[in-house]
Amino acid sequence: MGKKGLLYEGKAKKVYETEDQDQLIVSYKDDATAFNGLKKGAIEGKGKINNRISNHLMKKLEDKGIKTHLIEEINDTDTIVRRVCIVPLEVIVRNIAAGSLSKRLGLSEGTKLKKTVLEYCYKNDELGDPLVNEYHIDTLELATAKELGQISSMALQINQILTAFLQEVHIELIDFKVEFGRTAAGDIILADEISPDTCRFWDSRTGEKLDKDRFRRDLGGVEDAYEEVLRRLMGE
Ligand code: UDP
């Protein structure tokens, strides 16, 4: 399966059409941005690493019954996925306070949350991806109530599966963002990526950050951290 026209270029990925109208090729880039594009840079080797990490985690989720867009990894940076219409929501799942939640609610980073917290942001660059609730989602018709029910239940299941799996390799899943898509048949499936760009991973023994916060906060060792996550997932 080869790439046809470029359909979309995002901050970290390019998406191409293929000969099959139900399939796309996602190509992961080394480019990194943070703070709504204000901070730009590149993380050497990130494209390859995120391609592999995301596919590995999606396979684990598929094994546990979560439907995802993953079809087949075709080379280091590229993967064939099912074509979906992305639901314009960033679905954020949090186990431990960090990042914007810590700022917004005054909870110090690392505070264990009594219960898993689910948040939605409206994917809209011009508006800066604002936080929205069920009422906003309904008013803006971003998803139906039924779809949102499926999305929230899948997000919580994904959290349970990933938390357990990552614990085995001494990674604590602090929080993460997922996106969902609608298939032509109207089913909701997991899309986009799951990687150190979209999750907070802390080493459960040392507390060391193994994710994009190393880039956001200029902590150094960004490439090494991404590689370390991949190594652990591969059991090396
Ligand atoms: N996240 C993401 N893309 C975004 C915003 C957040 O992948 O556009 C992820 C982020 O990596 C973290 C989680 O969602 O794992 C929660 O992020 P938060 O709201 O704390 O925002 P941040 O502090 O990253 O601005």
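As the structure lists them, so they are numbered: ligands from 1, and atoms in each ligand from 1. We number each residue from 1, following the sequence as shown. Because the structure is a prediction, the values reported are computed rather than measured.
Contacts between E119 and ligand 1, counted as non-hydrogen atom pairs separated by less than 4.0 Å, are absent for every part of the residue. Under 4.0 angstrom from ligand 1, there are no non-hydrogen atoms of D211.
K60 has no carboxylate O lying under 4.0 Å from a charged side-chain N of D63, or vice versa, which leaves the two without a salt bridge. A salt bridge is defined here as a Lys NZ or Arg NE, NH1 or NH2 lying under 4.0 Å from an Asp or Glu carboxylate O, and E119 with R104 meets this definition. No salt bridge links K59 with E62; every basic N to acidic carboxylate O contact stays at or beyond 4.0 Å. Under a 4.0 Å N-O distance rule, the pair K13/D192 qualifies as a salt bridge.
The ligand atoms of ligand 1 that sit less than 4.0 angstrom from a heavy atom of G99 are 20 (O), 23 (O). Of all the atoms in ligand 1, the ones that sit under 4.0 Å from a non-hydrogen atom of T198 are 7 (O), 9 (C), 11 (O), 15 (O). Shown in contact with S100 at under 4.0 Å from a heavy atom are these atoms of ligand 1, numbered in order with element: 18 (P), 19 (O), 20 (O), 21 (O), 23 (O).
Considering backbone and side-chain N/O of D175, one or more are found under 3.5 Å from N/O of ligand 1.
Nearest to atom 10 (C) of ligand 1 among the protein's heavy atoms is R216 NH2, 3.5 Å. Scanning all protein heavy atoms for the shortest distance to atom 17 (O) of ligand 1 gives R200 NH1, 3.5 Å.
Taking a 4.0 Å cut-off on heavy atoms, D197 registers as neighbouring ligand 1.
For atom 6 (C) of ligand 1, the candidate residues are D192, I194, I92; the nearest heavy-atom contact is made by I92. Nearest to atom 5 (C) of ligand 1 by heavy atom, out of E90, K177, K11, is E90.
For the 3.5 Å distance criterion, the side chains of Q23 and T18 fail to qualify, holding no donor opposite an acceptor. Side chains of S102 and R94: no donor on one and acceptor on the other come within 3.5 Å. A side-chain donor from one of D197 and Y226 sits under 3.5 Å from a side-chain acceptor of the other.
There is no protein heavy atom less than 4.0 angstrom from atom 25 (O) of ligand 1.
From D213, atom CG reaches atom CH2 of W202 across 8.5 Å, with rounding to the nearest 0.5 Å.
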